[in-house]
Amino acid sequence: MSASDRSPAGPASVVDAAITSRRSIRAFLPEPVPRATIEDILRVASRAPSGTNAQPWNVHVLTGAALRRLSDAILAVYRDPAQLANQKEEYSYYPEKWVEPYLGRRRKVGWDLYGLLGIGRADKDRIRAQHGRNYRFFDAPVGLIFSIERVMAKGSWLDFGMFLENIMVAARARGLDTCPQAAFNQFHAVIRTQLGIGADRAIVCGMSLGKADMSRIENTLVTEREPIEHFVHFRSE
């Protein structure tokens, strides 16, 4: 393969636009996504690097009745306090104790979202209802559930993260949007039952995929990013 064969198909601005326009969308249009498009996205995403080319990712793609069945099963548990109390996270996605600056960032994005929706801090029922929309995949036509074999170590989880990012960027390149959702972790037992995923696999996360409904105010939220001077350290000597 010549160097020209491996050159990018377009200018850097095209790739940059796909990356920088990605954001977590929380309301989708019902417009279906063709299976061929989903396959293309996943095929491109599978070029993510992985140690020893292990490729540790596994994906369940849900549409139509299958998506609704999983959503209904999770929400039945979510809405039942007795059942909900028995749901434990598959793994600790977040720290047990939050410290700054991470605590401040977490609070800001949460209250920025609820502020757009007109949800006050005392509106516990509305906060809970909004969180519950995760389990409808925010009305997206496509829901993705990701799993990894438990035998794999932390390095493969890092590889999985690159695969997930590739999906989101490839979706943007096709005019589609996504929302990666750790909220599904708590309901891994329900997910296993519904999708026939064995105990030898850990549920990594879920993801919504489709076209953003830009008439919805929650989709105007754009989270802030720190200037690179705050986290980059150049060394030349």
Side-chain angles (χ1 to χ4, degrees), residues 1-10 12 14-24 33 35-63 66 70 88-96 102 137 142-174 176-209 225 228 231-236:
M1 178 182 292
S2 67
S4 61
D5 290 333
R6 299 191 66 250
S7 63
V14 175
V15 178
D16 291 354
I19 295 172
T20 58
S21 66
R22 183 221 65 81
R23 58 183 188 249
S24 294
V33 179
R35 176 168 174 164
T37 301
I38 301 170
E39 291 177 346
D40 283 346
I41 289 170
L42 294 173
R43 188 175 297 109
V44 169
S46 74
R47 295 305 307 178
S50 60
T52 68
N53 199 32
Q55 305 173 65
W57 34 80
N58 189 273
V59 190
H60 280 73
V61 180
L62 307 176
T63 60
L70 178 62
K88 305 300 180 185
E89 286 190 324
E90 179 98 89
Y91 63 94
S92 296
Y93 184 92
Y94 296 109
E96 292 184 8
Y102 314 111
F137 292 92
V142 182
L144 307 173
I145 295 292
F146 303 93
S147 67
I148 187 172
E149 289 197 48
R150 294 186 187 279
V151 70
M152 306 307 285
K154 288 182 179 179
S156 289
W157 285 72
L158 295 175
D159 298 340
F160 212 124
M162 291 185 276
F163 172 67
L164 294 172
E165 177 69 11
N166 274 3
I167 292 173
M168 292 183 276
V169 173
R172 285 302 304 132
R174 291 160 174 79
L176 297 173
D177 295 278
T178 56
C179 185
Q181 297 160 267
F184 285 95
N185 297 350
Q186 185 179 6
F187 298 95
H188 60 94
V190 180
I191 293 169
R192 285 181 206 296
T193 299
Q194 290 294 312
L195 302 185
I197 298 175
D200 59 329
R201 288 188 170 275
I203 305 301
V204 177
C205 67
M207 185 183 292
S208 301
L209 171 67
R225 291 297 184 270
I228 67 167
F231 60 87
V232 178
H233 310 278
F234 287 98
R235 298 285 187 267
S236 59

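In this chain, residues are counted from 1 in sequence order.
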Heavy-atom closest pair (Thr178 atom, Arg22 atom, distance to 0.1 Å) is OG1-CG, 4.5 Å
query = Quick one: are Ile203 and Ile145 in side-chain contact, heavy atoms under 4.5 Å?
reply = yes
Minimum side-chain heavy-atom gap Ser208-Gln181 below 4.5 Å
yes
Exercise. Using modelled atom types only, decide if a donor and an acceptor are shared between the side chain of Arg172 and the backbone of Met168 within a distance under 3.5 Å.
Key: no
Which is it for Phe146 and Phe184 under the ring-ring contact (aromatic ring centres under 6.0 Å, His included) test, yes or no, and what are the steps along the way? CA-CA 10 Å; Phe146 303 93; Phe184 285 95; over 10 Å; no
*Presence of salt bridge, Glu90 and Arg192, under 4.0 angstrom*: yes
His60 side chain vs Gly196 backbone, donor-acceptor pair below 3.5 Å
no
*Got a donor-acceptor contact below 3.5 angstrom from the Ser50 side chain to the Gln55 backbone?*
yes
Nearest heavy-atom approach of Cys205 to Leu164 is SG-CD1, 3.8 Å
_I'd like to check Val204 versus Trp57 (side-chain heavy atoms, cut-off strictly below 4.5 Å). Are they in contact?_
no
Query raised in the report: Taking the side chain from Ser156 and the backbone from Met152, do they hold a donor-acceptor pair closer than 3.5 Å?
Result: no
Do Asp177 and Leu209 come close enough that some side-chain heavy atom pair is under 4.5 Å? no
When rounded to the nearest 0.5 Å, the distance separating CZ of Arg174 from OG1 of Thr37 is 7.5 Å
Quick check against the 3.5 Å criterion: does Asn166 have a side-chain atom that pairs as donor or acceptor with the backbone of Ala45? yes
Exercise for the section: Measure from the side-chain N and O atoms of Asp159 to the backbone N and O of Gly51, and report whether any donor-acceptor pair falls under 3.5 Å. Expected result: yes
Quick one: are Leu144 and Leu62 in side-chain contact, heavy atoms under 4.5 Å? no
Are any side-chain N or O atoms of Thr20 and backbone N or O atoms of Asp16, one a donor and one an acceptor, separated by less than 3.5 Å? yes
Quiz item: Ile148 versus Asn58: any side-chain heavy-atom pair under 4.5 Å?
Solution: no
**Study point:** Geometric class of the Tyr91/Tyr93 ring pair [parallel <30°, tilted 30-60°, perpendicular >60°]
**Key:** tilted
Flag side-chain contact, heavy atom, 4.5 Å: Val142 against Leu176: no
Worksheet item: Is it the case that more than 12 heavy atoms not belonging to Arg35 sit under 6.0 Å from its CZ atom?
Response: no
